[in-house]
Amino acid sequence: MKWRMRFHSRTICLSLASLTIFLHLLLAFISLPIYQQPCDPPLPPRTHILRDLARTNYTSTGNRGPAEPPTDTAHRDSSSKDANEEAKGHVQTLSNLGLAGKEGEKDSINMPADVGRHGSGREDPVEAGLLKLEALFDHPLYNIPSPPIPEEDWLLRVKPKVKASEKSSQMWVSASQEVYEDVQWNSSSNSHPPWLRFHLGITRWELYPHRDPNMEPLAEQLATHRVVSAVQKSGGTQLKLVISFPNYGQAMFKPMKQERDEETNYNLYYFSDFERHNAEVSAFHLDRILGYRRIPPVVGRLVDVVKEIKDVTTDRKLARTFFNSPVGNVCFYGQCSYYCSTEHAVCGRPRDLEASLAVMLPDLSLAARRTWRSPWRRSYSRSKLAKWQTEPDYCESVKKTAPYDKGTRLVDFMDMVILDFLMSNMDRHHYETFEKFGNNTFLIHLDNGRAFGRHSKDEPTILAPLEQCCRIRRSTWLRLRLLSLPQYRLSDVMRASLSHDPLHKVAPLLSEPHLAALDRRLKTVLETVNRCLENAAGRSEVLYDDLVSLKDTVTPAG
């Protein structure tokens, strides 16, 4: 009996073991095809927005807003094809003008093979954007040939020979000369520090050329060079410092005052808003992507509040405002019209502080600048409206007023309006130009700290000048259309460009909602221009054809 029971128990155990092995083999066989399928990498926070953008349908006037329902695949393919055909038409127009690339080169309006592969959403969006950015900057619209620059169109020139008796010992003034480098500069640009090369590269039409090789060493200087002095800059409404480096270079310092994802309070007026360090950095990158090059280079930097500000400052008023917070962070607040108090102090964590550093323009004694009041300046009143907000024909009176009655000043101003609308900057009450060039020069896009405050709301009144005047540069219009196409999408190239900044290692300079807002606002700008074109008697009334005028200067006769 015992032997029979032992035999049955062994049979049952063997059966169960066989069944278990069979089930494991069956499960492995079923799972094998699944393991062979490609998997998406885990998404960081908010990257679902990237996929929404990748699936968004683009038309010839821009991209559909994220809130609109998707259409069928056939319609999406048709719209993308139409957009590419229209863009190719613009490049063909450039070719007719003699402004396109060399014959035989691949038309850069077509999507590069790498961009299509990386743009599927399965690769790093920054890496995909870098390919798009490179393709954008290689496009003929960003490489239009220009004539040689005449001597009078350079802002500053180095004297070939300077007698010893003419050298001023007061050229550089500081509390202590020991912290500065003993460098010998001559007429060779190789001996000049990056900030001086930047100053010497300023012309009548731009602050720096496209693909300027000096941008990299200049950015490195702003981000890494030793700080030898930090003093508060006089004037202005909020705290900012002037930072000096050992090679006599200087930069404008604006500290971090709020988190990147924190939107401006809806109950605040635009003139009561905080200035943001990441807005200054982002404005520089956007200005460069738009092809303007009218904002001085700006770099983000992580600063040691004690070592690089408190210990090196010679500003006694600034030094008296340093204190330690209850949790041990080093703080200071300086002296200014707004937000300079212990309640609005700037604090390190515990000593590290994010900030933007913008290279300073040449001293006013060397290159005087003129300040112009914006014709579309806001009232800066809580109850009054500005004249342009109450008079529908306001632009007609502006067009008859100097310097907007001739030259390129009006379309220069529209370039600045488009920049401000894209980054939602309502605080453009004045702008500046270099006096040397008179009225025939570009506008300097300074002081952008109040940009990128809100991503969930657009401010249509910023576009009022464009709507009322219906005037825009043709080259600007073509570049905006280019940036609305999927292969050069504005949000993608902006994300990629900002990834070069040192503070990107801490966190992206712009959050994904801000990047999505750029695409949405670009669509609004293009729709505004399209309405102007539909209502105009001819395109020449809306489009100032700077490409034709440029061709006349660079194409030899006959």
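Sequence positions, counted from 1, serve as the residue numbers for this chain.
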Determine whether Leu498 and Met494 make a side-chain contact, defined as any pair of heavy atoms from C-beta on separated by less than 4.5 Å.
-> yes

Any donor and acceptor pair, going by atom type alone, linking the side chain of His285 with main-chain N or O of Ala496 inside 3.5 Å?
-> no

In short, Arg409 meets Pro403 closest at the heavy-atom pair NH1-CG, 3.3 Å

When you measure from the side chain of Arg454 to the backbone N and O of Ser424, does any donor-acceptor pair fall under 3.5 Å?
-> no

Heavy-atom closest pair (Pro375 atom, Phe413 atom, distance to 0.1 Å) is CD-CE1, 3.8 Å

Exam field: side chain His455 to backbone Ala516, donor-acceptor pair closer than 3.5 Å | no

CZ-NE2 distance between Phe253 and His277, expressed to the nearest 0.5 angstrom = 9.5 Å

Kindly indicate whether the side chain of Asp138, heavy atoms from C-beta on, has any atom under 4.5 Å from the side chain of Arg211.
-> yes

For the side chain of Glu391 and the backbone of Ser397, is there at least one donor-acceptor N/O pair under 3.5 Å apart?
-> no

Looking at side-chain heavy atoms only, is the closest gap between Arg260 and Glu354 below 4.5 Å?
-> yes

Roughly how far apart are Leu543 CG and Ile472 CD1, rounded to 0.5 Å?
-> 7.5 Å

Examine distances only and state if a side-chain atom of Glu263 and a backbone atom of Ser456 form a donor-acceptor pair shorter than 3.5 Å.
-> yes

Ignoring hydrogens and geometry, is there a side-chain-to-backbone donor-acceptor pair from Thr528 to Thr524 under 3.5 Å?
-> yes

Any idea which heavy atoms bring Leu443 and Tyr431 closest together, and the distance?
-> CD2-CE1, 3.5 Å

What is the ring orientation for Trp376 with Tyr394, classed by angle as parallel under 30°, tilted 30 to 60°, or perpendicular over 60°?
-> perpendicular

Flag, side chain of Arg474 to backbone of Asp545, donor-acceptor distance under 3.5 Å | no

Residue pair Arg473, Asp412: steps toward the side chain to side chain contact (heavy atoms under 4.5 Å, CB included) verdict = CA-CA 8 Å; Arg473 264 194 174 89; Asp412 289 334; 2.6 Å; yes

I would like to know whether Val299 and Phe284 meet side chain to side chain contact (heavy atoms under 4.5 Å, CB included); could you show each step before the answer?
-> CA-CA 9 Å; Val299 172; Phe284 161 67; over 6 Å; no

If we only count heavy atoms from C-beta on, is the Lys436 to Glu152 side-chain gap below 4.5 Å?
-> no

Taking C-beta and beyond as the side chain, do Leu419 and Met423 meet within less than 4.5 Å on heavy atoms?
-> yes

All salt bridge (Lys or Arg N to Asp or Glu O under 4.0 Å) counterparts of Arg479, not counting sequence neighbours = none

Residue among Asp415, Asp447, Asp420 satisfying salt bridge (Lys or Arg N to Asp or Glu O under 4.0 Å) with Arg428 = Asp420

Give the intermediate values and the outcome of side chain to side chain contact (heavy atoms under 4.5 Å, CB included) for residues Ile444 and Phe434.
-> CA-CA 8 Å; Ile444 310 172; Phe434 289 109; 3.6 Å; yes

Nearest atoms (heavy-atom pairs only) where Leu207 meets Pro296 = CD1-N, 3.5 Å

In Å and rounded to the nearest 0.5 Å, what is the CG to CE distance from Asp287 to Met416?
-> 11.5 Å

Do the side-chain N and O atoms of Asn278 and Ser282 include a donor-acceptor pair separated by under 3.5 angstrom?
-> no

Step by step, work out the side chain to side chain contact (heavy atoms under 4.5 Å, CB included) result for Thr203 and Glu206.
-> CA-CA 6 Å; Thr203 68; Glu206 60 188 4; 3.8 Å; yes

Glu262, CD atom: more than 12 neighbouring heavy atoms under 6.0 Å = yes

Where is the tightest heavy-atom contact between Glu541 and Ala536, given as atom of each residue plus distance?
-> OE1-CB, 3.8 Å

CG of Leu364 to CD of Glu435: how many Å apart, nearest 0.5 Å?
-> 9.0 Å

Would you list the pairs meeting salt bridge (Lys or Arg N to Asp or Glu O under 4.0 Å) in which at least one residue belongs to residues 461-472, sequence neighbours left out?
-> Glu467-Arg531

Answer yes or no: is there a donor N or O on one side and an acceptor on the other, between the side chain of Asn448 and the main chain of Asn425, under 3.5 Å?
-> no

Can you find a heavy atom in the side chain of Tyr208 that is under 4.5 Å from one in the side chain of Val359?
-> no

Sub-4.5 Å side-chain heavy-atom contact between Thr461 and Trp388 | yes

Answer whether the closest heavy-atom distance between the side chains of Arg197 and Pro194 falls below 4.5 Å.
-> yes

Say you draw a straight line from CD1 of Ile144 to CG of Asp546; how long is it, rounded to the nearest 0.5 Å?
-> 7.0 Å

Counting distance only, does the side-chain N/O of Asp405 pair as donor-acceptor with the main-chain N or O of Lys399 below 3.5 Å?
-> no

Look at the side chain of Arg276 and the backbone N and O of Ala451, then say whether any donor-acceptor pair between them is shorter than 3.5 Å.
-> yes

Contact summary for Leu361 and His199, nearest pair of heavy atoms = C-NE2, 3.6 Å

Roughly how far, to the nearest 0.5 Å, is the CG atom of Leu290 from the OG1 atom of Thr476?
-> 8.0 Å

